[in-house]
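Take a look at the structure set out below.
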Amino acid sequence: MLRHRFQPGRLVAGVFLMVAGVVYAGDGTGLWDTPWYALVPLVSGGLCIAAVVGMVARSAHRRRGAPSATAPDETGTGLRR
C-alpha cells in the first residue's frame, strides 16, 4: 500500500458532496421535496470550507518542516527513494 499525506480538505469536500447526494437521493425517492437551488449553498459552501481547511493544513504541514518528496538524500547526490 502506498503511503501518502493525509489531506483533510479533500475529506471535507467529499463529505459535503456526499451530503448533497443524500439530499438529492431523498428528493428523488420522494422522502422530502428539495428545490433545485437549495444545494447551491451547500455545495459551494462546502467547497469553500474545504479550501480553507486545505490551506490551513498545508500551512501547518509547511510550518512543521516536513521534508518534501524531491529533497536530496543524505549524501546530496540523488533523490530519496
Side-chain angles (χ1 to χ4, degrees):
M1 182 170 135
L2 296 175
R3 297 182 62 97
H4 56 81
R5 199 171 72 200
F6 176 63
Q7 297 177 339
R10 290 185 181 190
L11 176 67
V12 171
V15 167
F16 273 94
L17 291 175
M18 284 190 335
V19 168
V22 167
V23 169
Y24 265 136
D27 184 35
T29 58
L31 294 175
W32 55 77
D33 186 32
T34 306
W36 65 270
Y37 54 84
L39 291 179
V40 172
L42 178 68
V43 172
S44 61
L47 290 177
C48 289
I49 291 171
V52 170
V53 168
M55 286 189 294
V56 169
R58 184 176 175 104
S59 68
H61 183 74
R62 282 185 166 177
R63 185 171 297 154
R64 284 184 40 200
S68 66
T70 59
D73 62 1
E74 293 81 23
T75 61
T77 57
L79 297 177
R80 289 184 304 166
R81 295 176 196 239

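Side-chain atoms are counted along with the backbone in the values below, which use heavy atoms only and exclude waters and symmetry mates. In this text, all values refer to a predicted model and were calculated from it rather than measured experimentally.
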Give me the atom names and distance for the closest heavy-atom approach of V43 to A20.
CG2-CB, 3.9 Å
Tell me the closest heavy-atom pair linking G46 and V12, and the distance in Å.
O-CG1, 4.3 Å
Above 12 or not: heavy atoms from other molecules or residues under 6.0 Å from CH2 of W36?
no
Looking only at heavy atoms, the pair that brings D27 and T34 closest together is OD1-N, 3.2 Å
Please answer: with hydrophobic residues joined when any side-chain heavy atoms are less than 4.5 Å apart, are F16 and V22 in the same cluster?
no
In one Ile/Leu/Val/Met/Phe/Trp/Tyr side-chain cluster, 4.5 Å: Y24, M18:
no
Kindly give the heavy-atom pair with the smallest separation between A57 and P8, and that separation in Å.
CB-CG, 3.5 Å
Nearest heavy atoms of W32 and V23, plus distance in Å
NE1-O, 3.3 Å
Close side-chain approach of L39 and L42, heavy atoms under 4.5 Å
yes
